[in-house]
Amino acid sequence: MPDPDTEMIRGTLDMLILKVVSLEPMHGWGICERIQQISADTLQVNQGSLYASLHRMTREGWIDSEWQVTENNRRAKYYRLTRAGERRLGLEHEHWTRLSGAVDTIMGLT
Amino acid sequence: MMRWLRDLGFRARAILFRSQMEAELREELADHLRREAERNEAAGMTPAEARRAAAVRFGGEERFREQARESWGVTAFTDLAGDVRFARRQLLKNPAFSVLAVLTLALGIGGTVALSSVVYGLLLRPLPVPDSDRVVTWWSDYNWRGSEFDHVRDVAQAYESLAAFSNEGYTLRSESGTSLVVGTVASAELFDVLDVPPLLGRTFQAGDDRPGAEPIVVLSHALWSQEFGADPEIVGRRIELGGASRTVVGVMPEGFYFPSPDLSLFVPLNLDPATRSYASNGWLVMVGRLRADVTEAQIQTDLQRVTQALGERFEYPAAWDKTRNPYVVPIREYLFGEVRPALLVLLGAVGLLLLMACVNVAALLLTKTVDRTREVAVRAALGAGRARLARQVLTESVVLGLVSGAVGVGLAIAMFDLLVASLPLQESFRETLSLDWTTLVSALALAVFAGCLVAIAPMRSLLRGDLSGVSVSDRTGGGGLREGRIQNVLVVAEVLLAVVLVTGASLLIRTVGQLQAIDVGFETDGLLTMGVLLPEEQSTEAERAAFHDLLMERAPSIPGIERVTLVNRLPLRDGGWQGPVGISDQPELQGTDRPNALYRPMAAGGFETLGAEIIEGRTIQATDGPDAPVVAVVNETFARSVWGDESALGRRFTSGFFEGEAEVVGVVRNMAVTDLVGEPPRAAYYSWDQTQRGQAGAIIVARVASGDPSAVAPALRSLVGEIDSRAAVGRIETMDDALEGKMAEALRLRFFLGLFSLLGIVLGSVGVYGVVSYSVQRRRTEFGIRMALGADPHRLLGKVLWRGLVPVVGGIVAGTVVALFASRLLAGFLFEVSPVDPVSMLSAGGVLLLVGAAASLLPALRAGSTRPATALRAE
């Protein structure tokens, strides 16, 4: 059974989710779509494991959720970034930049 | 801080409003799938196709739902509840397994808990004396005289203080009548040694034990509350004790005792060099408090110096040289030394049993886990994590353990009194033992521990096993090698433990067989014994002699009583006075080489009453009066050791217990003295009238014609009061009870061990049968294939048998080796059975070997007789 996280570099899914919901409140499916769309289908989000991440980050207090009525009078759970989430996103982004910079430097060696 | 609170709030909600959160999760996922399907439809799929594609893209919904739940951070809690429910279902589904497992574990837990309470009560709980590890008894092979104590106290340097004590019975007169109490008589230093302050008044002070001191007494808390209504004004009151008046100077606090709880008062010794007892026979025990800074070497040096000084001051015959083997014994050892080995043996046995029960349940659980591989595979496929499955096994065994713990506590409560009664302990110490809350706590701890221990094997096989591959290996029917290895280890362990347990226990049980065949040398049936005391302080010698004469004259007319006699010490129960004898026709045995003999006077007709067998000569008769020549009847040991094969009749000897020479008029068969086993010491029986006439204390022995001898006790007791109202009646006991008391410890101790060994065999058999037959059964398909391919059924059978028996044989060999070493520890408990007893060792191994053979043979035979096609189709 493939590990759900191997489809995306470990730990980056959280950062991407935080980034997407920082743009505007979004429901789960929308977050998936948005990530794929922006990355031009390079990044495949494992749809199932997305919810574990969302719930965990809600517990951590980085995102908040509320039910909203959408088109056709349906309910969807929307997630939005909290203050703590903003700080977290900043941290993760900084960390990522350092990491990818380091990787780039090594890979750029001739 | 805020984050922490928020996190807690979230988790609380996940627990308290779980169903709401579940519903929301379901709705959220459904919404996701619908959106995905709508997009697919928009891309041109049919609605059905769109939904299917959405589901495929999403993956296993149940699995992700589980993941999402886990992210709520309360899985440990909710899973536990679920696991417990699941465990309950599992256990109820296999009632036979569960009952067996619970019972075996419960016995182990209950036994261990009950025994450890006893061990705590006797060996660990602080004695009612501060720093009791510094309190030691000062010992030679013999007791001390007052003169020796005075000398030792002056010479010894390793002690802060040193005291001498013994015990003595007194008549206590109070409003409720006359009763017999036993108290500690001790030198004035006793309470300095014990270092316990009184509750009221004072304890002993210097000079209390010297001639001319005012007679005083210190009461125990128990006596003070029972006899004197806990009177706070008791100090200064005079009470009548042993016919004399004594002033109560103090009361000890509750819980204090010395040396045992049945001694209810403390009276100063009279260390008067003018009295006969000061320098005659030794009857005192010395107890000292060691200096805090004293080293082991200094104690030894001091002992050497003291004994040397003793040797210079006193002259000791070789037969009881008190300068030999001096040693100090910690007070706890002095009080409980005898019971400790029995306790540790029992604790060891019950510990082994618990371990076996764990191994057994582990083995059963393992086969069950393997049985459930398909279920496990399905659950794994449905999204249960491996750790989660392992945790479920753990929960199941811990639940099993807890149920067993509860049953075990019940068993412990039920068995406790019987257990305590089976220990070689004084009655009064037994009463200090009880189960308490620590029992419950330790049972709980043991239950959880046993549960975890039991879960190790199945969890290992579960965590190591390839869950997704299980269904494949299941089809071929080959039990994994690794799983086979765990089972083999369990079988070896189980057989080993069973062999050790059963060997030890059967050694002890065979000892019981030997013990029961013991002959005590007289007829215990139909004998009643009753202590009587006419205090010296209250009566003259002539009055006491008349009292005894009247008693002997009138007692036989009590209906039911056939014969009656007086003795100073009871056979079987009491040790007592002994002294050197000088054999007149063996001059080489004079002086310090003179042999010792027990001093046993008895009234006329004593041997007839006891039912002892005279080998040679005659018994003690009424004609052996105070003015007739002194006669003696000696026991076999005496006659044989002194005169060998020659007749003892007509020989003469001297002793400190009477004037002049006594003539041997008879030889009596040995009667047991205090030990049931081994040859009794030399004993000489005299005429009461010639040696003991007019003494204060005596024991009446009455033989009844038929029925329960204790039926005549009331009549005998009122006769004593009629003859002399000053006389007090002491201990009343039938001789059978005395014998039973002697045997009971041995018998009950061995009853428990017998029970353990039976359980050991049963557990071992069940476990071995379960594991071996299971592993054979699992290979049925393989056998079917082999036979279909043309394998010889006989050879196949042989192979199966071999594979099943190898671990059993391994366990037997290992167990026998361990038992060979372990049984040496039991040597002290054995009687006429060698610690290396082949019968005991082989019996355990044989049974288990048979069980192992049956366990592999029966399923193998069935496998061999099934048609290959059937076996294959059974999958």
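Throughout, protein chains are lettered first and strands after them, A, B, ... in sequence-line order, and every chain is numbered starting at 1.
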K.L.:
Would you please classify the geometry between the H32(B) ring and the Y51(A) ring as parallel, tilted or perpendicular, with 30° and 60° separating the classes?
P.N.:
perpendicular
K.L.:
Give the minimum heavy-atom separation between D31(B) and R75(A), together with the two atoms involved.
P.N.:
OD1-O, 3.7 Å
K.L.:
Passes side chain to side chain contact (heavy atoms under 4.5 Å, CB included), E28(B) versus H55(A)? Steps please.
P.N.:
CA-CA 11 Å; E28(B) 192 177 12; H55(A) 288 204; 3.1 Å; yes
K.L.:
Charged N to carboxylate O below 4.0 Å: is that the case for E27(B) and K77(A)?
P.N.:
no
K.L.:
Which bit of S53(A) comes within less than 4.5 Å of chain B, counting heavy atoms only: side chain, backbone, both or neither?
P.N.:
neither
K.L.:
If the condition is salt bridge (charged side-chain N to carboxylate O under 4.0 Å, His left out), which residues does E92(A) pass it with, not counting sequence neighbours?
P.N.:
R88(A)
K.L.:
Would you be so kind as to tabulate the donor-acceptor pairs closer than 3.5 Å made by side chains of residues 24-31 of chain A, with sequence neighbours excluded?
P.N.:
unit_1	atom_1	unit_2	atom_2	d
E24(A)	OE2	R34(A)	NH2	3.2
H27(A)	ND1	G30(A)	N	3.1
H27(A)	NE2	R35(B)	NH1	3.1
W29(A)	NE1	E36(B)	OE1	2.5

K.L.:
R74(A) and R34(B): side chain to side chain contact (heavy atoms under 4.5 Å, CB included), yes or no, with the steps?
P.N.:
CA-CA 11 Å; R74(A) 279 187 349 216; R34(B) 205 157 38 224; 3.6 Å; yes
